[in-house]
Amino acid sequence: MIIKLFNYITSNQKILFLSLVLYRCINSLLINTFFDPDEYWQSLEVAHKLVFGYGYLTWEWSEGLRSFIHPLIFVYLFKFLKFLNLDSTFFIIIGPKLLSGFLAAIGDLYLYKLTLSIFKSKESAKWALICQLISWYMFVCIVRTYSNSIETILFIISLYYFPINNDENTINSKPKISIALTTFAFLIRPTTAIMWLYILPLHIFINLKSIKKIFNFLIFDCLFIGLLCLFIGCFIDYIYYERFVFLPYNFLYFNVLKNISSFYGTHPFHWYWSQGLPAIGFTILPLFLLSIRSLWIKKSDRFKLHLAWCALFTVGFYSLLAHKEFRFILPILPIIMMYSGYYISTFTQLKTTTTTKESKESKESYDPKSKPNISTTLISPPKLIILLLLLNIPMSVFFSNFHQRSPIDIMHYINSDIVPKIKDNGTISVDLLMSCHATPFQSYIHNENLILTLLECPPPLNENSPIDEKSLFYKDPLNFMNTQYKHIESNNSNKNSKNLKALPNYFIVEDELLDRLEPWLLKNSYRKEYHLKKPLDITSSTVFIRV
C-alpha cells in the first residue's frame with residue numbers, strides 16, 4: 001500500500017513537491033524539543049529584534065560575525081504577519097516552523113532531482129528520497145531554523161545545477177546559478193567553502209579539458225557571479241550593521257585565528273569519524289559505505305563517486321578543527337542519502353530483471369507482445385534494509401518530543417501561566433538560572449511587558465575580558481546570588497547595594513542547582529510554583545514565584 005502510494009506521488013513532480021511540503025510542515029510542527037541555541041539566537045531572535053524592536057542579540061552581532069541574510073528570511077515573515085495583524089505569539093512561533101518546512105521540502109525535491117540526474121534511475125531517486133525523509137537526524141534538524149539547515153538546502157540545489165559529472169549539455173547544467181547559491185551559502189556559513197574546495201578543483205582539472213573552458217568558467221561563472229553576489233551580501237550587511245563588514249574574514253579571524261570557537265568546547269581529531277558521522281548517519285551509513293564499494297567495483301561507474309569523495313573529504317577537513325558539532329556536517333547528509341538510495345535500488349532493479357527473465361522462461365505466462373518491466377516502479381528491497389530504515393523512527397520520536405524538551409516547555413509555561421498575570425501597562429520579571437541561551441527568548445514570548453533575563457556568556461575576546469556571568473554563577477551559585485541581587489540579608493547601607501539587581505517576580509532554576517539554591521530562594525520569600533519535567537527528558541527545571 002505504502003509502496004503504491006509513493007509510486008503515485010513520484011509520478012508527477014507537482015504532486016511530489018506538494019506532498020513533500022505537507023510532510024515537512026507536519027514534521028516541523030512535531031518538533032517540540034531544544035537542540036542547539038543557534039536555532040533561535042542566530043535567526044529568530046535577531047529577526048524579532050529587528051521587526052519588533054525588543055529582545056536580545058548575542059555578542060556575535062556586535063562583533064560582525066554573522067550575516068543578516070539568514071535572519072532576513074524571518075524578518076520578512078514577521079513583517080508580513082505584522083502587516084496582516086497576525087503577529088500573535090502563536091503565529092510568531094508557528095510561522096517560522098512552517099516556513100522552514102517549506103524550505104526543507106525544496107531541498108528534498110532537489111535531492112530527488114540530483115539523484116535522478118547522476119544515476120539516471122528513478123529507482124535510485126525514489127529510495128534516496130525515502131532515506132532522506134526517514135533519516136532521524138534530517139527529521140529532527142532540517143526543519144529547524146539553523147543556518148546549517150539553509151546551508152544544506154542551498155548546497156543540494158547548487159549541486160543539482162553544477163556539472164559534476166562533466167555533463168554540460170544536460171538541462172540542469174547551470175553553473176552560474178550554482179555559484180550564486182554557493183556564494184550566498186558562503187556568506188551565511190563560510191564553512192560551506194570546505195565542500196567546494198573539493199568540487200571546484202575536480203571540475204577545473206578533470207572535467208574542463210581546455211584552457212578556454214577553464215578561463216570562461218573562472219572568469220564568467222566564478223569571478224563575475226561570485227563577486228556580484230558578494231557585493232549584494234555585503235551591501236545587505238552594511239545596511240543593518242551600519243558599517244562595512246566582511247563576514248567571511250571575521251568568521252575566520254574569530255573562530256580560527258583567535259580560536260574563540262574552542263570556548264564552546266573541543267573534541268579529539270577522530271570525533272567525527274568515531275561519533276559524529278555514525279550518530280547522524282545511523283543505520284543508513286552502512287548503506288552509503290556499501291554503495292561506494294558497489295560503484296568502485298564497476299570501473300565504468302567510478303566517476304559517479306565524486307560526491308561520495310566530497311563527503312568524506314568534508315568530514316576529514318572538519319576533523320582538523322577543534323570545535324566540533326553534529327550539525328556542522330549536516331550538508332553532507334543528503335549525499336549519504338543519495339548514495340544509500342542508489343545501493344538500495346540495486347536490489348529492486350535486480351528483482352525486476354529476475355522477474356522479467358522468469359516470466360520469459362515460463363511458456364504459460366509469457367506473452368511475446370508484453371513489454372519488459374523497466375525499473376520505474378518501486379519494489380520492496382530485502383527486509384534487513386527495511387529494518388535499518390525503520391530503526392530511524394524511534395530515534396525521530398525521541399529527539400523531537402522527549403530529548404531536551406524542558407527549555408521549550410519553559411516558554412510555553414511562561415506564555416500560559418505567567419503572561420496572563422500581566423496587568424495593563426504593568427510588567428512581570430522572570431530570571432533564568434541556567435546555562436546561557438538554554439532557551440528561546442522573545443521569539444517564543446513576544447511580549448515586551450515580560451522582562452526576561454538570562455545569564456550572559458560572551459567568550460573572552462581579549463586578555464582583559466571579564467569573566468562571564470555564566471562562569472561566575474556556576475563557580476559559586478550562592479555567592480553569585482548574594483553579590484548580584486538585593487537579598488534579605490543585604491546591607492542597604494553598603495555602597496555596593498545600589499548596584500544590586502532587584503529580585504524578580506519569578507526564578508526558573510535548572511534542577512541540578514536546586515540543592516544549593518532552594519534554601520536561598522525560600523529564605524527570600526520564594527516558593528515552588530511548578531516543576532517542568534517530562535519522561536525521558538534529560539533536562540528539567542523548577543519555577544519559583546515570589547510571594
Side-chain angles (χ1 to χ4, degrees), residues 34 37 40-41 45 49 54-59 62 406-407 409-411 413-415 417-423 425-442 444-445 447-460 465-533 539-547:
F34 181 93
Y40 309 99
W41 294 95
E45 297 302 334
K49 176 81 171 177
Y54 61 95
Y56 179 91
L57 297 181
T58 58
W59 68 274
S62 61
S406 176
D409 286 343
I410 288 172
M411 296 294 107
Y413 176 82
I414 290 174
N415 285 325
D417 289 66
I418 298 179
V419 169
K421 297 178 182 178
I422 300 176
K423 299 179 181 179
N425 299 320
T427 61
I428 288 181
S429 54
V430 179
D431 283 19
L432 303 175
L433 297 179
M434 57 189 66
S435 183
C436 60
H437 313 130
T439 67
F441 207 65
Q442 282 292 353
Y444 261 61
I445 302 298
N447 192 317
E448 58 185 329
N449 293 325
L450 192 287
I451 311 301
L452 199 59
T453 304
L454 54 89
L455 298 173
E456 296 189 4
C457 58
S465 296
I467 300 176
D468 62 277
E469 277 188 336
K470 188 195 85 168
S471 298
L472 288 172
F473 175 70
Y474 279 96
K475 183 179 180 180
D476 190 341
L478 284 177
N479 182 64
F480 181 89
M481 301 299 286
N482 288 327
T483 56
Q484 296 294 319
Y485 291 98
K486 291 182 179 179
H487 54 95
I488 197 169
E489 294 181 354
S490 61
N491 187 355
N492 292 328
S493 63
N494 192 317
K495 295 180 180 179
N496 294 326
S497 63
K498 294 181 179 179
N499 299 323
L500 298 179
K501 295 186 292 186
L503 289 169
N505 301 108
Y506 291 85
F507 275 115
I508 301 181
V509 186
E510 67 175 47
D511 282 355
E512 291 181 2
L513 300 168
L514 275 183
D515 290 343
R516 285 177 285 179
L517 291 182
E518 186 174 5
W520 189 96
L521 291 167
L522 295 176
K523 190 175 183 179
N524 284 275
S525 304
Y526 285 88
R527 65 172 171 82
K528 284 185 180 180
E529 176 78 0
Y530 193 76
H531 187 220
L532 295 154
K533 172 67 176 178
T539 58
S540 59
S541 305
T542 301
V543 180
F544 287 86
I545 183 174
R546 196 176 187 194
V547 293

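Sequence positions, counted from 1, serve as the residue numbers for this chain. The structure displayed is predicted, hence computed values, not measured ones.
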- Audit row: Phe507, Tyr485, ring-ring contact (aromatic ring centres under 6.0 Å, His included) steps and yes/no: CA-CA 12 Å; Phe507 275 115; Tyr485 291 98; 5.2 Å; yes

Considering only heavy atoms from C-beta outward, does the side chain of [X] approach that of [Y] to under 4.5 Å?
{"X": "Pro504", "Y": "Arg546", "value": "no"}
{"X": "His437", "Y": "Leu455", "value": "no"}
{"X": "Lys528", "Y": "Val543", "value": "no"}
{"X": "Val430", "Y": "Ile508", "value": "yes"}
{"X": "Leu513", "Y": "Tyr474", "value": "yes"}
{"X": "Glu456", "Y": "Asp468", "value": "no"}
{"X": "Trp520", "Y": "Pro477", "value": "no"}
{"X": "Val509", "Y": "Phe544", "value": "yes"}

- Query: Should the ring pair Tyr413 and Tyr530 be called parallel, tilted or perpendicular, given that the plane angle runs from 0 to 90° and is split at 30 and 60?
  - Reply: parallel

- Item | Proximity of Tyr506 and Tyr526 rings by center, below 6.0 Å | no

Which pair of non-hydrogen atoms, one from [X] and one from [Y], has the smallest distance, and what is that distance?
{"X": "Met434", "Y": "Ser541", "result": "CE-OG, 3.9 Å"}
{"X": "Pro407", "Y": "Ala438", "result": "CB-O, 3.2 Å"}
{"X": "Tyr444", "Y": "Asn415", "result": "O-ND2, 2.7 Å"}
{"X": "Leu454", "Y": "Trp41", "result": "CD2-CH2, 3.4 Å"}
{"X": "Glu45", "Y": "Leu57", "result": "O-CD2, 4.3 Å"}

- Mind checking salt bridge (Lys or Arg N to Asp or Glu O under 4.0 Å) for Asp409 and listing every partner two or more places apart, or none if nothing turns up? Arg405, Lys534

- With sequence neighbours excluded, residues passing salt bridge (Lys or Arg N to Asp or Glu O under 4.0 Å) with Glu512: none

Rounded to the nearest 0.5 Å, what's the gap from [atom1] on [X] to [atom2] on [Y]? Could you check?
{"X": "Ile545", "Y": "Ile428", "atom1": "CD1", "atom2": "CD1", "result": "8.0 Å"}
{"X": "Met481", "Y": "Asp476", "atom1": "CE", "atom2": "CG", "result": "11.5 Å"}
{"X": "Leu532", "Y": "Ser406", "atom1": "CG", "atom2": "OG", "result": "5.0 Å"}
{"X": "Leu452", "Y": "Leu432", "atom1": "CG", "atom2": "CG", "result": "4.5 Å"}
{"X": "Leu472", "Y": "Thr483", "atom1": "CG", "atom2": "OG1", "result": "7.5 Å"}
{"X": "Ile445", "Y": "Met411", "atom1": "CD1", "atom2": "CE", "result": "5.0 Å"}

- Message: Within the supplied structure, the quantity of interest is the number of heavy atoms (other residues, nucleotides, ligands) at a distance under 6.0 Å from Lys533 NZ; does it exceed 12?
- Response: yes

Side chain of [X], backbone of [Y]: donor and acceptor closer than 3.5 Å?
{"X": "Gln484", "Y": "Leu500", "result": "no"}
{"X": "Ser471", "Y": "Ile467", "result": "no"}
{"X": "Gln442", "Y": "Leu450", "result": "yes"}

- Which is it for Asn449 and Thr427 under the side chain to side chain donor-acceptor pair (under 3.5 Å) test, yes or no, and what are the steps along the way? CA-CA 5 Å; Asn449 293 325; Thr427 61; over 6 Å; no

- Could you tell me which residues satisfy ring pair (Phe, Tyr, Trp, His ring centres under 6.0 Å) with Tyr54, sequence neighbours excluded, listed by chain and number? His48

- Task: For Glu469 and Cys436, run side-chain contact (heavy atoms from CB on, under 4.5 Å): C-alpha distance rounded to whole Å, both residues' side-chain angles, the deciding distance at 0.1 Å, then the answer.
- Result: CA-CA 9 Å; Glu469 277 188 336; Cys436 60; over 6 Å; no

- What do the steps show when you test Thr542 against Asp511 for side chain to side chain donor-acceptor pair (under 3.5 Å), and what is the final call? CA-CA 6 Å; Thr542 301; Asp511 282 355; 2.7 Å; yes

